[in-house]
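Here the structure comes first, spelled out in structure tokens, and everything after it is commentary.
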Number of protein chains: 2
Amino acid sequence: MKYNRHARILDIIDKYEIETQDELAEKLRELGMDVTQATISRDIKELRLVKVLSPSGKYHYSSMNRESSNTGERLMVILKEAFVSCDYANNILVVKTLPGMAQAVGEIVDSLGWNDVVGTIAGDNTLMIVCRAEKIAEDLMEKFTRMVRGVS
Amino acid sequence: MKYNRHARILDIIDKYEIETQDELAEKLRELGMDVTQATISRDIKELRLVKVLSPSGKYHYSSMNRESSNTGERLMVILKEAFVSCDYANNILVVKTLPGMAQAVGEIVDSLGWNDVVGTIAGDNTLMIVCRAEKIAEDLMEKFTRMVRGVS
DNA sequence: AGTTGAAATGCATGTAAATACAACAGCAAA
DNA sequence: TTTGCTGTTGTATTTACATGCATTTCAACT
């Protein structure tokens, strides 16, 4: 019974913006699965679901993974995860990444199409970004750091 | 006042496993910032923090990003985000990724050290994984698909 | 300084979520 | 069959959280 329900729960939160556990219980009841809020609280714990804030300002349950559905967000996620640190000298920004990830991060930076960035070159875990001016490199470092800290 | 506090909150949830908003208020009070749970509820909303389940089975606040602190998890996140689809023929598994991400995914697969995988070679958005047997390729496809769906 | 409007906060309270406890179902060993 | 164990669920309750409303703070103006 339980695993079937878990699957349905994933379906439901994917399809609707579920704001409360009671609401979820309601949906399940419509599918003929009679459960209480207590059970759902436990399900949610097992499924490791989280309550996130939608752009609309409402909270809703989500699956933590696959949160980012569009490509832009997915790239950002990759960037954040692969990023280790960065520093600059003159107009060159040097980004350290997880091993083997520098190419990928370079690709992402390229894809952003910032035209203050002249070009990028990547090794294994190091990426160099050539900026038009030192100021740009500085700003960019700030930007990366901020981004990774989740401030957006 | 508020932005200062927001910064501290990020610090605190990074450093401690904060289970409740009251607990967070407590920590802030220790830093001389006198706030109530109500304010923190609003802060948390603005910072888009989420309550996630730790491995220990307890809930704690986290920044949604940077959730994956250890390298293994971070690689998994990248793998999930960069993955598009896969298929196989014989003992060769072909994985499609986002543009420019194939190298990175290949790197990750290599790093997993599965010895049923003979080797990998990556183009721009396509990765080929040479498996020891067709069965392995099939299993692997299953594994990837499952993983991306968030079931593990 | 006084006025005004917007943002931040606290207080009180209603709502949502987690859980202690008990009941029960399935199941394996005696 | 009985006993004891494990896992699932509901009930009742506690605990945690969100929010309406009143109050304060602060900056931008007269």
Side-chain angles (χ1 to χ4, degrees), chain A residues 1-65 67 146 149-152, chain B residues 1-65 67 150-152:
Chain A
M1 197 66 215
K2 192 168 71 156
Y3 293 99
N4 218 319
R5 190 178 60 241
H6 280 189
R8 296 307 175 104
I9 287 175
L10 291 174
D11 289 349
I12 291 170
I13 64 164
D14 210 37
K15 196 164 163 190
Y16 306 94
E17 299 247 307
I18 300 297
E19 293 181 40
T20 69
Q21 300 184 353
D22 278 324
E23 203 179 323
L24 189 47
E26 181 55 34
K27 290 282 181 199
L28 285 171
R29 236 171 274 120
E30 287 174 16
L31 296 177
M33 302 182 127
D34 235 23
V35 282
T36 60
Q37 173 267 324
T39 300
I40 292 185
S41 170
R42 291 182 272 248
D43 287 344
I44 283 175
K45 190 167 195 170
E46 286 180 49
L47 290 169
R48 307 179 83 94
L49 301 183
V50 292
K51 223 177 170 176
V52 301
L53 196 62
S54 4
S56 68
K58 297 237 171 200
Y59 279 110
H60 72 275
Y61 282 101
S62 156
S63 166
M64 182 69 142
N65 320 308
E67 168 55 12
R146 188 181 291 269
R149 289 180 150 257
V151 188
S152 180
Chain B
M1 198 64 217
K2 192 167 72 154
Y3 293 99
N4 218 320
R5 189 178 61 242
H6 280 189
R8 296 306 176 103
I9 288 176
L10 291 174
D11 289 350
I12 291 170
I13 65 165
D14 211 36
K15 196 163 164 191
Y16 307 93
E17 299 248 308
I18 300 297
E19 294 180 40
T20 70
Q21 300 185 353
D22 279 323
E23 202 179 325
L24 188 47
E26 182 54 33
K27 290 282 181 200
L28 284 170
R29 235 171 275 121
E30 287 174 16
L31 297 176
M33 304 182 125
D34 235 22
V35 283
T36 60
Q37 171 266 324
T39 299
I40 293 185
S41 170
R42 290 182 271 248
D43 287 343
I44 283 175
K45 190 168 196 171
E46 285 180 50
L47 291 169
R48 306 180 82 95
L49 302 182
V50 292
K51 223 177 171 178
V52 301
L53 196 61
S54 3
S56 68
K58 296 237 172 200
Y59 279 110
H60 72 275
Y61 282 102
S62 156
S63 165
M64 181 69 141
N65 322 306
E67 165 52 12
V151 188
S152 165

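Each chain gets a letter, A, B and so on, in the order the sequences are listed, and its residues count up from 1.
Contact check, A:Y59 against D:dT19: no side-chain N or O comes under 4.0 Å of OP1 or OP2. Residue B:Q37 places none of its side-chain N or O atoms closer than 4.0 Å to OP1 or OP2 of C:dC11. Regarding contacts with the backbone of C:dT9, every side-chain N or O of B:T39 stays at 4.0 angstrom or more from both OP1 and OP2. Of the side-chain N and O atoms in A:K45, one or more sit less than 4.0 angstrom from OP1 or OP2 of C:dT19. Distances shown here put a side-chain N or O of A:K51 below 4.0 Å from the OP1 or OP2 atom of C:dA17. For D:dC17, one of the phosphate oxygens OP1 or OP2 lies less than 4.0 angstrom from a side-chain nitrogen or oxygen of B:Y61. Proximity of B:T36 to the phosphate of C:dT9: no side-chain N or O atom is located under 4.0 Å from OP1 or OP2. OP1 or OP2 of C:dT9 has at least one side-chain nitrogen or oxygen of B:R5 nearer than 4.0 Å.
Residue B:E46 contributes atom CD, which lies 12 Å from atom C1' of C:dT9 at whole-angstrom precision.
Taking only side-chain atoms of B:S41, from C-beta outward, the nucleotide of D:dA18, C:dG10, C:dA18 with the closest atom is D:dA18. Nearest to the side-chain atoms of A:A38 among the listed nucleotides D:dA12, D:dA16, D:dT8 stands D:dA12. Of all nucleotides listed (C:dG10, C:dA18, D:dG10), D:dG10 comes nearest to the side chain of A:R42.
When only modelled atom types and interatomic distance are considered, B:E19 and B:Y61 share no side-chain donor-acceptor pair under 3.5 Å.
With contacts defined as side-chain heavy-atom distances shorter than 4.5 Å, the pair A:S63/A:L49 qualifies.
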